[in-house]
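Below is one structure, written out as structure tokens; comments come after it.
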Amino acid sequence: MYRTSFNFRTFGRSDEWKNNVLRNSAQRVFNIADLKPGNHKLTIYMIDPGVILNHIFIDLGVDQPFYGSLAPTYHSPKSVKNN
């Protein structure tokens, strides 16, 4: 199992901060060089309530074609009450 967390903090008005503002998003890249063939599970946990996950792109390498965008999946926890 491989676990990691991403830090999106920037300092001052750095080039990364400027690019994030122009793009209206922050991006992180995570590479796993020794990923074995087979089934895998990606689990995402909310840590900061102000962060919105908008897009995940999984690059399977040059041998595997990209299938395009997937339909969005929405999950609403049972603890959330609709008014």
Side-chain angles (χ1 to χ4, degrees):
M1 183 182 299
Y2 201 96
R3 294 178 185 219
T4 191
S5 61
F6 294 109
N7 184 350
F8 289 92
R9 184 176 181 188
T10 59
F11 297 93
R13 294 184 180 233
S14 64
D15 286 341
E16 180 182 6
W17 178 85
K18 291 174 188 175
N19 287 328
N20 290 347
V21 170
L22 291 171
R23 212 177 21 240
N24 198 29
S25 69
Q27 298 178 352
R28 288 294 178 262
V29 175
F30 178 59
N31 295 311
I32 303 175
D34 59 348
L35 189 62
K36 305 287 187 266
N39 294 328
H40 302 281
K41 180 179 179 180
L42 174 64
T43 305
I44 299 169
Y45 298 98
M46 181 187 78
I47 298 172
D48 296 318
V51 175
I52 298 171
L53 178 63
N54 189 47
H55 184 83
I56 298 173
F57 177 78
I58 300 174
D59 183 358
L60 301 174
V62 296
D63 294 336
Q64 177 70 36
F66 177 61
Y67 295 108
S69 297
L70 300 173
T73 302
Y74 300 98
H75 173 71
S76 178
K78 293 180 181 178
S79 62
V80 174
K81 294 180 181 177
N82 294 329
N83 291 331

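Every heavy atom of this structure was used, including side-chain atoms; hydrogens, water molecules and symmetry mates were not.
Evaluation of the side chain to side chain contact (heavy atoms under 4.5 Å, CB included) rule for L53 yields I44, I56 as partners, not counting sequence neighbours.
Shown here is R23, whose CZ atom has more than 12 heavy atoms of other residues, nucleotides or ligands within 6.0 Å. Heavy-atom contacts from other residues, nucleotides or ligands closer than 6.0 Å to CZ of R28 number more than 12.
Atom CD of Q27 sits about 9.0 Å away from atom CG of N19, to the nearest 0.5 Å.
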